[in-house]
Amino acid sequence: MNDQPGSRAELPRQYDPASIEERWAQFWVSEGLFDVKTPPPGADAHAFTVLLPPPNVTGNLHMGHMFEHTETDILVRWRRMLGHLTLWVPGTDHAGIATQMLVERQLATEGTTRQALGRAAFVERVWQWRAHYGGAILSSMKRIGDTVDWSREYFTMDDNLSHAVREAFVRLHEQGLIYRGAYIVNWCPRCQTAISDLEVEHEEQRGKLWEIRYPVVGAPSEFLTVATTRPETMLGDVAVAVNPLDERYTHLHGKMLTLPLVGREIPVIVDDWVKSDFGTGAVKVTPAHDPNDFAIGQRHNLPSITVMDETGHMNVEAGAYAGLDRYVARKKVLEDLEAQGLLGAARDHVNAIGYCARCQTVVEPRLSTQWFVAVNKPAREGGPTIASLAIAAVQPDASGQKPIRFTPENNEKVYLDWMTNIYDWCISRQLWWGHRIPAWHCATCRKITVAREDPTACAHCGSAEITQETDVLDTWFSSGLLPVTVFGWPTPDGLPTPDLTAFYPTSLLVTGFDILFFWVARMIMLGCWFMQDIPMPNGSQRPLAETVPFREVYIHALVRDADRQKMSKTKGNVIDPVTIVEKYGTDAVRFTLASMASPGTDIAFNEARTEGYRAFANKIWNAARFIFMNVERAREAGITVDAGMLGHMPSVPPYAPIEARWIAARIHSVAHEVNTALGEYRFHEAANTVYQFFWGDFCDWYLEIVKLRLDFSETADKAYTRAALTMLLQTFETALRLLSPIMPFLTEELWHALFNGEPPAKSIALSRYPQGDPQTGTVEAAFALLQELIVAVRGLRKDLGVEEKLS
RNA sequence: GGGCGCAUAACUCAGCGGUAGAGUGCCACCUUCACACGGUGGAAGUCGUAGGUUCGAAUCCUGCUGCGCCCACCA
């Protein structure tokens, strides 16, 4: 008759997660239990701060998210219960290229395009998309019990964050660290934008290495043979390069060649970069379509001829081939060369083809004008570079401590290798969805004005003929700033905001390997760079260790399907966490993920395992039913347990029954082990330890023995029964707290019920986490002996065919 | 071309120097008043392969085989 939360009346025989989870999820949010007020300056709050990797608003949460959120939430709940001021900041990411592509796809199904819509209308469409998916993501997070601070939830294109992005851009520009220029970049002909090296996926493919004979001018019947994998680019050749030491070609140095099919004359040049032992030892130089060729072109002052447009079709410079798709052009070029007898051998050749990570189109290296961040250039003579700070941030400082620590450790090496070999970062994208670059081009003097506020005139010549740059910023430029921007950077006075003082550096980042370079590295780069100028609260210079965006990075594994396949929408093997959660209960799914979360090992998610943990939840539920039932019986017999005894680690006098001394020792051991495991991100160990304790020790042994002690008859020794009952309740209550970071819903429900609706705190999540001392093992050893004896007797009984009821 | 990871019970995975573990599944018995999403008992692995170190190796080292991943401007 009483279905209020926290009522202990008449629990059903079977645990039904659906009947309680929505209720508690709502309660946690509506009560604002995990919202954190900024502590006043000077308060020593022991903050534990985590920034949630903002999910992309490209779709709903997937199992990988739930895994990441589960691990983080376990740690966050644990830290909170340890008494830290615990802040977990949620948000969502606009995910420029990814989201734009999905909306374009949606438009395609409606028979239209973004171009037909126009920029403003298209962006409006993307905002609608974002409203839908962003909302879905946030409600899923609530459903799975993430204890984030909802009052601080953000979207990467919120006004304040956009403002910060702009400030960062302007500041880097002022420091001479942002430049614009024509360079070879990875270009996706489908997305029609530049993409970064990281957004290119390489795949080895069998192809051909074609040899083409270039006639030598003034020497009839003499040729210089080059080798290429992309013959169509020859139309843009401006030279042929050979190694200066290659004696085969010494006589051709400085000679001119006739570029086949085009007729243009191009020089033979020498460059160390050319490897004599590859191909023919002669390289065609196409500066507009190859990064190495571009570098050669720079060294030798060669022109660049672009023969392909932004859609991957040949342009007017390609003459007769203009308008052809790049692969059609390739075929035709080969045919025409063949016809002219200029095509040599076509050798089998394996090389790595680059694909756009978003749409899988083959990427084209292309000369185009882009914006870059100079990562290896100091802002002032002798000063640090962005990369140098990001390198120092993971290496031991003067005190021998690493400002940032990676778990698993080997990720540190991967990070360092990447950061030490880093190139300038191309941050411009020819997209419509994102932060527009705050630069204005002057039609009069052609110069560029970069400004904090939208200018009305050119800063150089005063002309009003200015138009804003159409490019937007790489998504990761804005998300890379999040650790500072969510806490109020930039500040008008250049001093740390109260939030920065209290919460920066954040304590921990839990994220996947796939965004180690994209995001983790960029946060370190930008965080260290901008925070070096923000003094410490006492006005002193901020040391490197206080500029880092986070002190620890935990890199989690990947969730795969039961067959170890990577989950992907195209394969159709994506597991929707909400579906699974509705089927088994959130706690069972969380427990599954935790129990399999061994650092560094991918998870093959299979439901069979979840079924097992659903049974575990049911076991806990029924243990509670049993206990509550006995509390009720005891009350009827005039025996009550002092609620003041609850909330502490069970302790027993030496004369207490052995099972009481044993379970007390066990829960101390278990608490100790679980705390240690969580401190080392060993989720599976924590989960298995509590599982083993609750089912194996508490239910199978302790509970069975306690049954014999609970005598409510008239003649019973009430003090004796009361002591047993107290110990039982105390242990159970402790176990609930121990379990609650992993199974927050069930433990919340039972905890409130245990206190009969009058718990000592609004939520079990606000209670204290059990702490235990390692045990000497004497009681445990003695009890183990007893267990062995009982098992032996049971076996004997079975062997002899004695009926169990006879005892 | 560099670098990394994994191979343990039918399945999914722990263990990582000292007598092989868990969940699921399987077999037998038990519907006993918390729970059949249960209880009790049980079967099940020459820990990929070949060597080496050690008193002792699934656990450390080396080679091999098979998967998988990351990084890379040799046309």
Side-chain angles (χ1 to χ4, degrees), chain A residues 11-16 184 186 197-198 200-202 204 209-210 226-231 233 240-241 273-286 289-296 349 351-352 354 365 408 410-411 413-414 417-418 421 423 513-514 516-517 557-558 560 562-566 584-585 588 591-592 595-598 600-630 682 684-685 687-688 691-692 695-696 699-700 703-704 707 790-791 794-799 801 803-805 807:
Chain A
L11 302 181
R13 284 166 71 93
Q14 281 195 4
Y15 171 49
D16 174 25
I184 292 280
N186 301 295
D197 294 348
L198 289 173
V200 179
E201 290 171 353
H202 295 275
E204 301 242 303
L209 185 62
W210 287 279
V226 301
T228 180
T229 53
R230 289 155 66 216
T233 63
V240 170
W273 177 80
V274 181
K275 306 272 184 294
S276 302
D277 57 359
F278 186 90
T280 61
V283 189
K284 59 191 268 315
V285 180
T286 323
H289 294 282
D290 184 277
N292 295 310
D293 295 11
F294 181 77
I296 296 179
H349 182 250
N351 70 331
N410 61 311
N411 290 290
K413 187 174 152 336
V414 178
D417 285 350
W418 187 79
N421 296 308
Y423 291 89
F513 180 82
D514 53 335
L516 180 61
F517 307 135
L558 217 64
R560 298 168 176 278
D563 301 318
R564 307 203 108 269
Q565 297 289 308
K566 216 170 185 169
Y584 297 101
F591 207 97
T592 306
S595 73
M596 300 184 81
S598 172
T601 313
D602 284 352
I603 290 183
F605 188 89
N606 65 334
E607 293 189 27
R609 187 105 178 210
T610 311
E611 277 178 40
Y613 293 120
R614 177 177 58 184
F616 181 50
N618 193 54
K619 189 76 179 175
I620 299 169
W621 180 262
N622 275 289
R625 284 184 65 213
F626 170 79
I627 292 165
F628 296 163
M629 191 181 80
N630 279 291
R682 304 176 66 81
H684 66 293
E685 213 172 276
N688 292 337
Y691 180 95
Q692 198 50 54
W695 202 319
C699 291
D700 288 350
L703 225 52
E704 293 303 324
K707 281 179 181 172
I790 292 173
V791 169
R794 280 174 185 161
L796 211 59
R797 176 171 62 183
K798 185 141 298 201
D799 290 345
E803 290 215 14
E804 297 189 17
K805 203 59 200 269
S807 61

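The structure displayed is predicted, hence computed values, not measured ones. In what follows, chains are A, B, ... by sequence order, proteins preceding strands, each numbered from 1.
Nucleotides B:C64 and B:G1, compared at atom P, are 14 Å apart to the nearest Å. Taking atom P on both nucleotides, B:G42 is separated from B:U65 by 44 Å, rounded to a whole Å. Separating the C1' atom of B:C29 from that of B:A43 is a span of 15 Å, rounded to the nearest Å. Here the separation of B:G18 from B:G52, taken at their P atoms, is 22 Å to the nearest Å. Distance noted for atom C1' between B:C55 and B:G21: 26 Å (whole Å). Nucleotides B:U8 and B:U46 have their P atoms positioned 12 Å apart, rounded to a whole Å. A gap of 39 Å separates the P atoms of B:G5 and B:G38, to the nearest Å. For the C1' atoms, the distance linking B:A22 with B:A14 amounts to 7 Å, nearest Å.
Put simply, CD1 on A:Ile603 is 16 Å from P on B:C6, counting in whole angstrom units. If you take CZ of A:Phe591 and P of B:U24, they are 12 Å apart, rounded to a whole angstrom. B:G1 atom C1' lies 14 Å from atom CG of A:Asn421, rounded to whole Å. We find that CE of A:Met596 is positioned 15 Å from C1' of B:G15, with the value rounded to whole Å. Remark: P of B:C4 and CG of A:Asp417 are 10 Å apart, rounded to the nearest angstrom.
A:Ala227 and A:Gly279 make their closest contact through CB-CA, 4.1 Å (heavy atoms, listed as atom of the first residue, atom of the second, distance). Listed here is the closest heavy atom pair of A:Arg625 and A:Pro12: CD-O, 3.3 Å.
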Write out a two-atom table: protein N or O, nucleotide N or O from nucleotides 35-37 of chain B, distance below 3.5 Å.
unit_1	atom_1	unit_2	atom_2	d
B:C35	OP1	A:Arg13	NH1	2.7
B:C35	OP1	A:Arg13	NH2	3.3
B:C35	O4'	A:Asn622	OD1	2.9
B:C35	O4'	A:Asn622	ND2	3.4
B:C35	O2'	A:Asn618	ND2	3.0
B:C35	O2'	A:Asn622	ND2	3.4
B:C35	O2	A:Lys619	NZ	3.0
B:C35	N3	A:Lys619	NZ	2.8
B:A36	OP2	A:Arg13	NH2	3.4
B:C37	O2'	A:Asn618	ND2	3.3
B:C37	O2	A:Arg614	O	3.1
B:C37	N4	A:Gln14	OE1	2.5

Protein-nucleotides 18-23 of chain B N/O pairs under 3.5 Å:
none

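Using a cutoff of 4.0 Å between basic side-chain nitrogens and carboxylate oxygens, A:Asp293 and A:Lys284 are not scored as salt-bridged.
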Could you spell out the base pairing of RNA chain B as a dot-bracket line? Use Watson-Crick and G-U wobble contacts where both distances are under 3.5 Å, [ ] for crossing pairs, | for partners on a different strand. ((((((((.[[[[.)..(..]]]].(((((.......))))).....[[[[[..)....]]]]])))))))....

Start with the C-alpha gap between A:Asn351 and A:Glu204, add the side-chain angles, then the distance that decides, and say whether side-chain contact (heavy atoms from CB on, under 4.5 Å) holds. CA-CA 5 Å; A:Asn351 70 331; A:Glu204 301 242 303; over 6 Å; no

Audit row: A:Ile184, A:Asp290, side-chain contact (heavy atoms from CB on, under 4.5 Å) steps and yes/no: CA-CA 7 Å; A:Ile184 292 280; A:Asp290 184 277; 5.7 Å; no

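A centroid separation of less than 6.0 Å is found between the aromatic rings of A:His349 and A:Phe278.
Among the atoms of the strands shown, none is found under 4.0 Å from any heavy atom of A:Asn630. Residue A:Leu558 is classed as having no contact, given no heavy-atom separation below 4.0 Å to the nucleic acid.
Separating the OG1 atom in A:Thr610 from the OH atom in A:Tyr584 is a distance of 6.0 Å, to the nearest 0.5 Å. Note that the CZ atom of A:Arg230 and the OG1 atom of A:Thr286 stand 7.5 Å from one another [nearest 0.5 Å]. The structure places CD of A:Glu607 at 9.5 Å from CZ of A:Arg614, a figure rounded to the nearest 0.5 Å. Taken to the nearest 0.5 Å, the CG atom of A:Leu198 stands 5.5 Å off from the CH2 atom of A:Trp418. In this structure, CG in A:Asn606 is found 9.5 Å from CD in A:Glu611, a value given to the nearest 0.5 Å. Distance check: A:Leu558 CG to A:Ile603 CD1 gives 9.5 Å after rounding to the nearest 0.5 Å.
Residues forming a ring-ring contact (aromatic ring centres under 6.0 Å, His included) with A:Tyr15 (at least two apart in sequence, or on another chain): A:Trp621. By the salt bridge (Lys or Arg N to Asp or Glu O under 4.0 Å) test, A:Asp16 is found to be paired with no residue, residues two or more places apart in sequence or in another chain being considered.
Classified by interplanar angle (parallel below 30°, tilted 30° to 60°, perpendicular above 60°), the ring pair A:Tyr613/A:Phe591 is tilted.
Residues A:Ile627 and A:Asp700 each lie close to RNA chain B; by heavy-atom proximity, the contact nearer the 5' end of the strand is made by A:Ile627.
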Under a 4.0 Å heavy-atom criterion, the protein footprint on nucleotides 67-75 of chain B, written with B, S and -, is ---SS-BBB

